[in-house]
Amino acid sequence: MKKKFKILLIILFIICLIPIPTFYKDGGTVEYSAILYKIIDWNQLEGKQGTELHIFPTNFHSLDYYDR
C-alpha cells in the first residue's frame, strides 16, 4: 500500500510541473503556467524584454498584474 501511495504522489508532483504555454499578441510574449510556477518570457514591441519566474503562491495572477 505504501508503494502505491508513493507512486501516486510522484505522479501528482510531475503533473504539477507540466507547463501550459499562452501566447500573447503584444510582440511575442509567452507565458508558461503550471500549478507550482509561472515563467513569463517578455517580448513587447515597445515595453518589457526578458524573463521572469514566479513560484507558488504568487503565480496565479494575470499578466496585467506583472506588467508594472
Side-chain angles (χ1 to χ4, degrees):
M1 193 67 177
K2 284 187 178 185
K3 187 174 182 179
K4 288 183 182 181
F5 183 71
K6 286 181 184 180
I7 291 173
L8 180 64
L9 282 178
I10 291 171
I11 291 171
L12 287 174
F13 183 72
I14 290 172
I15 289 173
C16 290
L17 294 176
I18 297 173
I20 298 170
T22 305
F23 301 94
Y24 294 95
K25 295 181 181 180
D26 63 349
T29 299
V30 182
E31 173 186 64
Y32 301 97
S33 294
I35 294 174
L36 296 178
Y37 65 92
K38 178 183 287 194
I39 298 174
I40 303 172
D41 186 16
W42 294 101
N43 191 18
Q44 294 177 337
L45 290 175
E46 295 182 15
K48 282 183 136 178
Q49 302 287 325
T51 305
E52 293 181 6
L53 173 66
H54 301 278
I55 300 175
F56 183 84
T58 62
N59 63 331
F60 294 111
H61 300 290
S62 68
L63 193 65
D64 294 332
Y65 177 81
Y66 300 110
D67 190 20
R68 294 183 183 181

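Just so we're clear, the structure is a prediction, and the values are computed from it rather than from any experiment.
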Spacing of Ile15 atom CD1 and Leu36 atom CG [to the nearest 0.5 Å]: 11.5 Å
Tyr66 and His54 aromatic centres sub-6.0 Å: yes
Leu9 CG: over 12 foreign heavy atoms closer than 6.0 Å: yes
Exam field: side chain Tyr37 to backbone Leu17, donor-acceptor pair closer than 3.5 Å: yes
Minimum heavy-atom distance Thr29-Asn43, with the two atoms named: OG1-N, 3.3 Å
Atom pair CD1 (Ile40) and OG1 (Thr51), whose distance is rounded to the nearest 0.5 Å: 10.0 Å
Connected via hydrophobic side-chain network under 4.5 Å: Val30 and Leu53: yes
CZ/Phe60: more than 12 non-hydrogen atoms of other groups inside 6.0 Å: yes
Pairwise side-chain contact, Tyr32 with Thr22, heavy-atom cut-off 4.5 Å (strictly under): no
Check: Gln44 and Asp67 side chains under 4.5 Å, non-hydrogen atoms: yes
Whether Asn59 side chain and Ser33 backbone form a donor-acceptor pair below 3.5 Å: no
Ring geometry between Tyr65 and His61 (parallel below 30°, tilted from 30 to 60°, perpendicular above 60°): parallel
Trp42 side chain reached by Leu63 side chain, heavy atoms, under 4.5 Å: yes
Option from Leu8, Ile14, Ile7 for which side-chain contact (heavy atoms from CB on, under 4.5 Å) with Ile10 holds: Ile14
Closest approach of Ala34 to Ile18 (non-hydrogen atoms, all atoms of both residues): CB-O, 3.6 Å
